[in-house]
Enquirer: 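Before I ask anything, here is the structure I am working with.
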Amino acid sequence: MPAPGGIGREQASGGLLHNMSAPPRLKVTLNPIPAPPRLIGRDLVRADVLPQGLRLVARVNLSPFRAQVDRNYQGLYEYTAWELARLVLITRLAQGLPHQGMTALKSRGHEFLQDELRKGLLAIDVPRPDLPTFAVVCKGQPDLSCGLPCETDPARALALVARVTGSVYVGRREPRVASLLQRVEEYRFYAAAEAPGGKDPA
């Protein structure tokens, strides 16, 4: 026969279980920054500020860097492997190394090329206080009317694009090979405007 104390504990325990159906006391409110719409009209492409108050801090078009590599090799090649090989050579270009060896690279498998690209990204991945810590990213066709010029430093361009997932750039994210394989002509990075007395986020 259970002791009176045991009955009391059972009743207390049952009461606690009953109270778990009560509404939670913690209230969490999320106010996410909505991702910008895909390029619907030319007006959005030319805008330096998004409706959310984010301003354009960087533009990246990898085509000029690809063109530097392509001048040294012409030929048909399966897209993913060819693009990986080009990106490997762009990372070498960013390090100041001679961008030769496409003939050897193009015969390598995807895994080898991905590993080489990761090594190259890590080699140029030095701390960059001039890059934003967070940005919303618009992707689309190049816009020559935009006042901010595209990046000309391949290391900075790769550092930006390699940290884009969807429509978000996160500066502390590890560089991702998959982010560089998107068929996007131009990336526009929008970050929060400078706070009073603060430093420019770009």
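The first residue of the sequence shown is numbered 1, and numbering continues consecutively from there.
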Enquirer: Are Glu151 and Arg59 close enough for a salt bridge, meaning some N to O gap below 4.0 Å?
Expert: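 Answer for the salt bridge query: no.
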
Enquirer: Under the ring pair (Phe, Tyr, Trp, His ring centres under 6.0 Å) test, which residues partner Tyr169, sequence neighbours left out?
Expert: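 Scan of Tyr169 (ring pair (Phe, Tyr, Trp, His ring centres under 6.0 Å), adjacent residues dropped) gives Phe189.
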
Enquirer: Calculate, to the nearest 0.5 Å, the distance between atoms CD and CD belonging to Glu83 and Gln182 respectively.
Expert: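 Going from the CD atom of Glu83 to the CD atom of Gln182 covers 10.5 Å.
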
Enquirer: Can you tell me how far CD of Glu116 sits from CG of Leu84, rounded to the nearest 0.5 angstrom?
Expert: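 Here the interatomic distance stands at 11.0 Å.
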
Enquirer: Does Phe65 have any ring pair (Phe, Tyr, Trp, His ring centres under 6.0 Å) partners at least two apart in sequence or in another chain, and if so, which?
Expert: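 For Phe65 there are no ring pair (Phe, Tyr, Trp, His ring centres under 6.0 Å) partners, ignoring immediate neighbours.
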
Enquirer: Any side-chain to backbone donor/acceptor pair from Lys119 onto Val88? Under 3.5 Å, distance only.
Expert: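 No, because the side chain of Lys119 does not come within donor-acceptor range (under 3.5 Å) of the backbone of Val88.
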
Enquirer: Sequence neighbours left out, what passes side chain to side chain donor-acceptor pair (under 3.5 Å) with Gln114? Give chain and number order.
Expert: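 With neighbours one apart ignored, the set is empty.
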
Enquirer: Within a strict 4.5 Å, meaning less than it, do heavy atoms of the Leu62 and Val184 side chains meet?
Expert: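 Answer no - side chains too far apart.
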
Enquirer: So how far is it from Arg156 CZ to Leu131 CG, rounded to the nearest 0.5 Å?
Expert: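 Rounded to the nearest 0.5 Å, the CZ-CG separation comes out at 4.5 Å.
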
Enquirer: Before you tell me yes or no, could you show the steps for Tyr190 and Cys138 under side-chain contact (heavy atoms from CB on, under 4.5 Å), namely the whole-Å CA-CA distance, both residues' side-chain angles and the distance that decides it to 0.1 Å?
Expert: CA-CA 8 Å; Tyr190 293 84; Cys138 285; 3.8 Å; yes

Enquirer: Going by heavy atoms in the side chains, are Arg188 and Val137 under 4.5 Å from each other?
Expert: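 Not in contact.
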
Enquirer: Ser179 side chain to Val164 main-chain N or O, any donor-acceptor pair under 3.5 Å?
Expert: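 Yes; judged by distance alone, with no hydrogens or angles, the pair exists.
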
Enquirer: Name all pairs fulfilling the salt bridge (Lys or Arg N to Asp or Glu O under 4.0 Å) condition that reach into residues 161-173, sequence neighbours left out, sorted by first residue then second.
Expert: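 For residues 161-173, and leaving out neighbouring residues, the salt bridge (Lys or Arg N to Asp or Glu O under 4.0 Å) pairs sorted by first residue read Asp125-Arg163.
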
Enquirer: So do the side chains of Leu181 and Leu87 get within less than 4.5 Å of each other, counting heavy atoms only?
Expert: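 Heavy-atom side-chain distance check passes, below 4.5 Å.
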
Enquirer: Check step by step if side-chain contact (heavy atoms from CB on, under 4.5 Å) holds for Val170 and Thr165.
Expert: CA-CA 8 Å; Val170 179; Thr165 300; over 6 Å; no

Enquirer: Quick one: pull up CZ in Arg176 and CG in Leu117 and give me the separation to the nearest 0.5 Å.
Expert: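 The CZ atom of Arg176 sits 12.0 Å away from the CG atom of Leu117.
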
Enquirer: Which distance, rounded to the nearest 0.5 Å, do you find between the CZ of Arg66 and the CD1 of Ile90?
Expert: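 Spacing of CZ (Arg66) from CD1 (Ile90) equals 6.0 Å.
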
Enquirer: For a side-chain contact (heavy atoms from CB on, under 4.5 Å) check, start with the C-alpha distance between Leu89 and Leu97, then their side-chain angles and the critical distance, and finish with the verdict.
Expert: CA-CA 9 Å; Leu89 296 183; Leu97 301 174; over 6 Å; no

Enquirer: Listed by chain and number, what are the side chain to side chain contact (heavy atoms under 4.5 Å, CB included) partners of Glu185, not counting sequence neighbours?
Expert: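 Scan of Glu185 (side chain to side chain contact (heavy atoms under 4.5 Å, CB included), adjacent residues dropped) gives Gln141, Pro142.
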
